[in-house]
Protein chains: 2
Amino acid sequence: MAMNTDYARTLLKQHGLTITEPRVFVLSLLRKFDTPMSINDIMEKSKHTIALSTLYRVLADLSHAKIVTTFSSPNQKLLVELLDEEREHHHHLYCESCEKVFDVSLGEELEGMIEKLISKIGETHQIDIQEHSFEMYGSCNNTGQHSLRRN
Amino acid sequence: MAMNTDYARTLLKQHGLTITEPRVFVLSLLRKFDTPMSINDIMEKSKHTIALSTLYRVLADLSHAKIVTTFSSPNQKLLVELLDEEREHHHHLYCESCEKVFDVSLGEELEGMIEKLISKIGETHQIDIQEHSFEMYGSCNNTGQHSLRRN
DNA sequence: TTTAAGAATGGGAATCATTCTCATTTAATG
DNA sequence: CATTAAATGAGAATGATTCCCATTCTTAAA
């Protein structure tokens, strides 16, 4: 899997993280597929050349540096996604039959309303609300069958 | 902890579930505190007289019967909440410093917009969206923590 | 370039939540 | 109260994540 590693190296440097093989691999992979990936996805793609414990540490580091975000799917699997500057604020739609995750943007109007609502709710509860997530769960017409793992 | 068990017994009967001590205890407890509770909360309140495996089974049963709902807090802890008919559709606000969970209603107008938006998104992605969740995360003072820990 | 010091890694053990197994107990029915 | 299926308790098994530590790699300075 020959990948261009410049993207990853630059990103790491920009965030003051040392450039190591596992970090570069993970970032390049996330960039290549440009979709949320699970621990297992990444392990498989690396052909298990990265230690599992290292992968967790790498994701924690990238997450703290705000290079990626992590969240969990309805079946509690950890998913990781790049957090580009250009990538706009979005939410997730899970298909529980084909097990895909789709990025969804709500659009300015609704996001604006939500923001306003959130600050009102924050005041009411005396809580500084830093984040919110909106997730949707559904199923496509692939009746209950899991799709073969995609590349 | 003397509790009135009529509520629980009636509820179980209504849903065709057998009336057993662990089920009655859990439902009475949820009713008494009327707030989302974790596995540990319930175990502590029961003074560990309920077996842990039983508690998981009871929650699974109650959940399938739609007597309760389960969801997880940002630190991946399972939370359980009663699902009354009267209890209106609501969302959750997590305070990550005091670790409380608040029920929040968005109000008719916004919920309506969201519903409309959801059906549009569903069409776009050819997915039948059955559920959605909207969650807010904040803190009442300033200490936060992520699910991926790194010291 | 070489090197020293700190940072990151690999591998495996430890931990934690959840599920499973099975022998025993209990609830519902008549 | 006897029968039968369902539920429970206890602990083992599983699976995900974190921890520990000896070894290796990165970086920055010499």
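In what follows, chains carry the letters A, B, and so on, assigned in the order in which the sequence lines appear, proteins first and then strands, with residues in each chain numbered from 1.
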| task | Enumerate the residue pairs fulfilling side chain to side chain donor-acceptor pair (under 3.5 Å) with a member in residues 115-125 of chain A, sequence neighbours excluded, ordered by first and then second residue. | result | none
| Is there any side chain to side chain donor-acceptor pair (under 3.5 Å) pair reaching into residues 52-66 of chain B, and which pairs are they, with sequence neighbours excluded? | B/R23-B/D61, B/T54-B/R57
| request: I would like to know whether B/V104 and B/F134 meet side-chain contact (heavy atoms from CB on, under 4.5 Å); could you show each step before the answer? | output: CA-CA 10 Å; B/V104 170; B/F134 178 71; over 6 Å; no
| request: Kindly state whether the ring of A/H132 and the ring of B/H92 have centres lying under 6.0 angstrom apart. | output: no
Filtered N/O pairs between nucleotides 24-30 of chain D and protein, under 3.5 Å:
residue	atom	partner	partner atom	Å
D/dT27	OP1	A/I19	N	3.0

Do [X] and [Y] belong to the same hydrophobic cluster, where Ile, Leu, Val, Met, Phe, Trp and Tyr are linked whenever their side-chain heavy atoms lie under 4.5 Å apart, directly or via other members?
{"X": "B/I118", "Y": "A/V101", "result": "no"}
{"X": "B/L62", "Y": "B/F71", "result": "no"}
{"X": "B/M113", "Y": "A/L117", "result": "yes"}
{"X": "B/I67", "Y": "B/I19", "result": "yes"}

Rounded distance (Å) that lies between atom [atom2] of [N] and atom [atom1] of [X]:
{"X": "B/H64", "N": "C/dT19", "atom1": "NE2", "atom2": "C1'", "value": "13 Å"}
{"X": "B/D61", "N": "C/dT26", "atom1": "CG", "atom2": "C1'", "value": "15 Å"}
{"X": "B/F25", "N": "D/dG9", "atom1": "CZ", "atom2": "P", "value": "12 Å"}
{"X": "B/L12", "N": "D/dA6", "atom1": "CG", "atom2": "P", "value": "16 Å"}
{"X": "B/M43", "N": "D/dT8", "atom1": "CE", "atom2": "P", "value": "13 Å"}
{"X": "A/K77", "N": "C/dA17", "atom1": "NZ", "atom2": "P", "value": "19 Å"}

| At under 4.0 Å between heavy atoms, what does B/T49 touch on the DNA or RNA strands: base, sugar-phosphate, or nothing? | sugar-phosphate
| Sugar-phosphate, base or nothing in reach of A/S72, heavy atoms under 4.0 Å | nothing
| task | Please round to the nearest 0.5 Å and tell me the distance separating atom CG of B/D41 and atom CG of B/L79. | result | 8.0 Å
| said: Do B/M37 and B/E81 make a side-chain contact, defined as non-hydrogen atoms from C-beta onward lying under 4.5 Å apart? | reply: no
| Neighbours of DNA chain C within residues 50-60 of chain B, by heavy-atom distance under 4.0 Å | B/L52, B/S53, B/Y56, B/R57
| Per A/R23 side chain, nearest of listed nucleotides C/dT9, D/dT17, C/dA17 | C/dT9
| said: Using five pairs at each end of the helix from C/dT1-D/dA30 to C/dG30-D/dC1 to define an axis, what is the angle between those two axes, to 10°? | reply: 40°
| note | Applying side chain to side chain donor-acceptor pair (under 3.5 Å) to B/S28 and not counting sequence neighbours gives none
| message | If you assign each of A/H48 and B/N40 to its closest nucleotide in DNA chain C, which residue comes earlier from the 5' end? | response | A/H48
